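Just below is one structure, and these are the notes that go with it.
Since the model is a prediction, treat every value here as computed from it, not as a measurement. Every number for a ligand or one of its atoms is a count from 1 in the order of the listing. Computation of the quantities below employed the complete heavy-atom set of this structure, encompassing side-chain atoms and omitting hydrogens, waters and symmetry-equivalent molecules.
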Amino acid sequence: MSWLITGGAGYIGAHVVRAMVQAGLQPVVLDDLSTGHAQFVPDGVPFVRGSVLDHDLVEHTLDAHAVQGVVHLAGFKYAGVSVRRPLHTYAQNVEGTRALLDAMAAVGVANLVFSSSAAVYGTPEVPLVTEDVPKRPTSPYGESKLIGEWLIRDQAIAAAADGASLRHTSLRYFNVVGSGDPVVHDTSPHNLLPRAFEALLSGDVPKIFGDDYDTPDGTNIRDYVHVADVAAAHVAAAELLAAGRPTEQAYNLGSQNGLSVRQIMEAVARVTGIDFTAKIAPRRPGDPDRIVATGELAARDLDWKMRYPLDEMVRSAWEARVAVSDADVAPERRHASARHDRSPYRA
Ligand SMILES: NC(=O)c1ccc[n+]([C@@H]2O[C@H](COP(=O)([O-])OP(=O)(O)OC[C@H]3O[C@@H](n4cnc5c(N)ncnc54)[C@H](O)[C@@H]3O)[C@@H](O)[C@H]2O)c1
């Protein structure tokens, strides 16, 4: 029996794949490589190149690999871009989830872990976001994730009425950073750490968007979590579902601890050894002062915990980024150059 990891060639999916291998589960990757990388899939893990929108391919893959459950990470994750490309976002995230559910029902696959997002909450006006905070997404991306959760819930109700079953849970991620394997890094052109690293590697200084927010140092506060911890929560969720144990419909993978953009920049300077003063750019529209979540339900059910302090999150991300481009990086900018002995996926 195996687990299908859609989006398993992406940043988070590739970590989920490694965590599953380490836990003795058998992952199979389905990915269309629209933003993923074939080299992120570890040797020995079956890789099917294709889209979740391809019903026949998904059905065949579920059947051929005797899949018992799916971790559905495939999707389009750029909230800002989704405002300009709502149809694309809905096709990938909503139609993609619908098509996957259809194929799962056809083959009788009854377990699903869904990659949801903090974006379902929009801009919550509470200091700590719990799962029951009203969902008011402010982008097509956030809407598409919320609709994904609804689709799964509705399909589970329909399956139960038909005497079948769909056990499921959604994991709502906040700001996922770091690397658990130097082969895999976040290649997003929009996320804070990749943007900061690209600026430094090209001899520029990173930008902070706005320093006049209502926070102690004036910069936005967000909830940063290490990707290896996020991956471990997926394994725990998959194991609970496969064992038929009860789960919540959704879990926040939050740290309960906000960090400001300025604190992240200070950590980047410490870890890289590059002394810089970030450029202050204008605020980005719609950026709230603070979003921080509790992870209490996940801690209770999914053994969710923060195993890595801030500098370790930043260091692992930097090392993985530098490892892919050592040849391109000026020697004086390689301060923390790759020491690969801290991977949580190593025996
Ligand atoms: N990175 C974050 O901080 C964050 C936060 C909240 C939620 N998420 C969600 O987590 C999931 C994974 O994010 P990530 O950061 O690893 O992004 P990513 O872009 O690195 O990974 C997404 C993967 O899905 C693949 N993919 C996209 N559309 C596909 C399709 N139709 N069929 C098959 N494969 C497809 C891509 O090629 C890529 O490998 C996404 O669903 C994203 O919305 C990420």
Side-chain angles (χ1 to χ4, degrees), residues 4-19 28-41 47-55 57-58 61 70-82 85 88-100 103 113-121 129 137 139-149 152 170-181 184-195 222-231 233-234 250-255 291 293 313 317 320:
L4 182 69
I5 317 297
T6 73
Y11 166 54
I12 300 172
H15 284 89
V16 172
V17 167
R18 282 161 175 74
V28 176
V29 169
L30 176 83
D31 197 300
D32 67 2
L33 299 185
S34 51
T35 55
H37 307 272
Q39 68 272 22
F40 283 5
V41 180
F47 172 43
V48 179
R49 182 171 180 175
S51 173
V52 288
L53 292 159
D54 182 342
H55 182 284
L57 177 70
V58 178
T61 305
V70 178
V71 180
H72 180 38
L73 298 117
F76 184 72
K77 69 168 175 177
Y78 300 124
V81 180
S82 78
R85 301 186 67 196
H88 176 76
T89 306
Y90 272 73
Q92 295 303 311
N93 296 358
V94 177
E95 173 56 14
T97 303
R98 193 211 62 78
L100 173 68
V113 180
F114 176 58
S115 264
S116 189
S117 168
V120 300
Y121 297 111
V129 178
S139 66
Y141 170 72
E143 288 162 358
S144 72
K145 288 291 179 182
L146 189 55
I147 295 171
E149 291 190 16
I152 294 165
S170 295
L171 305 183
R172 297 181 185 141
Y173 320 151
F174 288 70
N175 291 64
V176 183
V177 295
S179 173
D181 185 321
V184 184
H185 69 289
D186 184 0
T187 54
S188 160
H190 302 288
N191 291 356
L192 179 64
L193 284 184
R195 273 205 334 266
R222 295 286 180 273
D223 197 327
Y224 294 90
V225 293
H226 193 291
V227 67
D229 290 335
V230 169
H234 287 73
Y251 294 94
N252 285 343
L253 299 185
S255 71
I291 303 180
M313 294 200 256

Phe76 and Tyr78 aromatic ring geometry - parallel, tilted or perpendicular at 30°/60° bounds: perpendicular
Residues forming a side chain to side chain donor-acceptor pair (under 3.5 Å) with Asn175, sequence neighbours excluded: none
Shortest non-hydrogen separation from Ser188 to Lys77 and the atoms involved: CB-NZ, 3.7 Å
Close-range residues for ligand 1, whose non-hydrogen atoms fall below the 4.0 Å threshold: Gly7, Ala9, Gly10, Tyr11, Ile12, Asp31, Asp32, Leu33, Ser34, Thr35, Gly36, Gly50, Ser51, Val52, Leu73, Ala74, Gly75, Lys77, Gln92, Ser115, Ser116, Ser117, Tyr141, Lys145, Tyr173, Phe174, Val176
Exercise: identify the closest heavy-atom pair between Ala250 and Glu149: CB-OE1, 4.4 Å
Heavy-atom pair of closest approach, residues Ala103 and Val58: CB-CG1, 3.7 Å
Nearest heavy-atom neighbours spanning Ser117 and Lys145: CB-CG, 4.1 Å
